[in-house]
There are 2 protein chains.
Amino acid sequence: MAADVLDATFAALADPTRRAILARLMEGEATVTELAAPFAMSQPGISKHLRVLERAGLISRGRDAQRRPRRLEAGPLKDAMDWLANYRSYWEESYQRLDDLLGELDSGGPNAVGQESP
Amino acid sequence: MAADVLDATFAALADPTRRAILARLMEGEATVTELAAPFAMSQPGISKHLRVLERAGLISRGRDAQRRPRRLEAGPLKDAMDWLANYRSYWEESYQRLDDLLGELDSGGPNAVGQESP
DNA sequence: CGGTTTTATAACTAGATGGTTTTGTACCGT
DNA sequence: ACGGTACAAAACCATCTAGTTATAAAACCG
């Protein structure tokens with residue numbers, strides 16, 4: 001799982017405006033002006049956010065006359081979620097038991113749970 | 001779900017060094033020097049990354065003599081994953097059908113899938 | 001006490017980010 | 001052909017980020 005894909009995805013998600021844009025796109029395609037409407041921000045400001053989302057592969061651009069409707073592309077979100085899923089046991093009920101278990105296995109040091117290839 | 005929590009969490013995850021540190025901490029507590037070892041980076045550099053992770057609530061600091069072992073705190077990761085889970089249907093097989101369905105329900109506008117409260 | 005280990009802090013730099021205003025470009029409608 | 005709408009691109013600015021080196025502080029070891 002390429003590191004820079006996760007880099008770009010998480011970085012794109014680290015901004016509330018961009019997350020709100022993605023949320024809006026769950027309802028379907030939307031033009032730039034539609035996407036800009038809810039925000040107290042200039043249109044070029046929104047376009048910059050859209051460029052970030054696009055470079056992360058989270059949205060794609062269509063065309064309809066002058067309009068360039070954006071569409072949600074959720075693929076990278078799956079990659080992000082897959083990465084996070086490695087940590088699921090650490091926030092679940094069974095956390096303490098599993099943590100202790102790993103602590104005891106520590107001497108052997110097998111990569112038991114899952115890791116990012118560095 | 002507070003926006004700045006997600007901001008800090010996703011921002012912290014957007015760096016491969018920090019993700020690798022979290023992966024390392026899955027195996028259990030580790031001191032700063034242990035965490036720094038795998039990287040071609042100065043110790044203060046690693047300490048800065050640790051500060052970012054700590055401010056995002058992703059790690060905590062213990063104490064053992066001079067050492068300040070870090071421990072994984074996975075809580076915020078669950079919040080991040082919960083947010084991502086809203087998009088699950090958009091990368092799954094049934095995506096197209098579900099997307100069309102939402103498009104048709106659009107007029108009524110019930111918050112069917114889930115959204116960030118802005 | 002004196003030296004070593006471990007970590008933190010400060011000061012600095014280069015480059016990225018998030019926003020602005022201004023301007024340009026493409027397409028529509030009349 | 002002309003004016004308006006939709007978007008993009010450029011230039012600029014302030015702030016944040018990721019790294020560095022150098023230094024200080026705290027606790028151990030002998």
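Residue numbering restarts at 1 for every chain, and letters A, B, ... go by the order of the sequence lines.
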Colleague: Would you classify Thr31(A) as touching base, sugar-phosphate or nothing, given that sugar-phosphate means primed atoms plus P, OP1 and OP2, and contacts are heavy atoms under 4.0 Å?
Modeller: sugar-phosphate
Colleague: In whole angstroms, how far is the P atom of dA18(D) from the CG atom of Leu13(B)?
Modeller: 12 Å
Colleague: Can you find a pair of side-chain heavy atoms, one from Asp64(B) and one from Thr31(B), that are under 4.5 Å apart?
Modeller: no
Colleague: Nearest-nucleotide wise, let me know which of Arg18(B) and Ala30(A) is further upstream toward the 5' end of DNA chain D.
Modeller: Ala30(A)
Colleague: Distance check needed: dA8(D) C1' versus Arg55(A) CZ, whole Å only.
Modeller: 16 Å
Colleague: If hydrophobic clusters are built by linking Ile, Leu, Val, Met, Phe, Trp and Tyr wherever their side-chain heavy atoms come under 4.5 Å apart, do Met41(B) and Leu53(B) end up in the same one?
Modeller: yes
Colleague: In this structure, how many angstroms lie between the P atom of dC7(D) and the CD1 atom of Ile21(A), rounded?
Modeller: 13 Å
Colleague: Pick out which of His49(A), Gln43(A), Arg51(A) makes a side-chain hydrogen bond (donor to acceptor under 3.5 Å, both in side chains) with Ser47(A).
Modeller: Gln43(A)
Colleague: Under 3.5 Å, side chain of Arg67(A) to main-chain N/O of Thr33(A), donor-acceptor pair present?
Modeller: no
Colleague: Within the side chain of Arg71(B), is there an N or O that forms a donor-acceptor pair under 3.5 Å with the backbone of Glu29(B)?
Modeller: no
Colleague: Starting from P on dT6(C), measure out to CD on Glu29(B) and report it in whole angstrom.
Modeller: 16 Å
Colleague: State whether the side chain of Arg55(A) and the backbone N or O of Ala12(A) hold a donor-acceptor pair below 3.5 Å, judged by distance alone.
Modeller: no
Colleague: Looking at Gly75(B), is its backbone amide N or carbonyl O close enough to the side chain of Tyr87(A) to form a donor-acceptor pair, meaning the two atoms are under 3.5 Å apart?
Modeller: no
Colleague: Testing the basics here: between Pro38(B) and Glu34(B), what is the closest heavy-atom pair and its distance to 0.1 Å?
Modeller: CD-O, 3.5 Å
Colleague: With a 4.0 Å heavy-atom cut-off, tell me which residues in residues 32-51 of chain A come close to DNA chain D, sorted by residue number.
Modeller: Val32(A), Thr33(A), Gln43(A), Pro44(A), Ser47(A)
Colleague: Could you state the CZ-P distance from Phe10(B) to dT17(D), rounded to the nearest angstrom?
Modeller: 17 Å
Colleague: Classify every nucleotide of nucleotides 24-30 of chain D by which part a protein heavy atom approaches to under 4.0 Å, writing B for the base, S for the sugar-phosphate alone and - for neither, in 5'-to-3' order.
Modeller: ---BS--
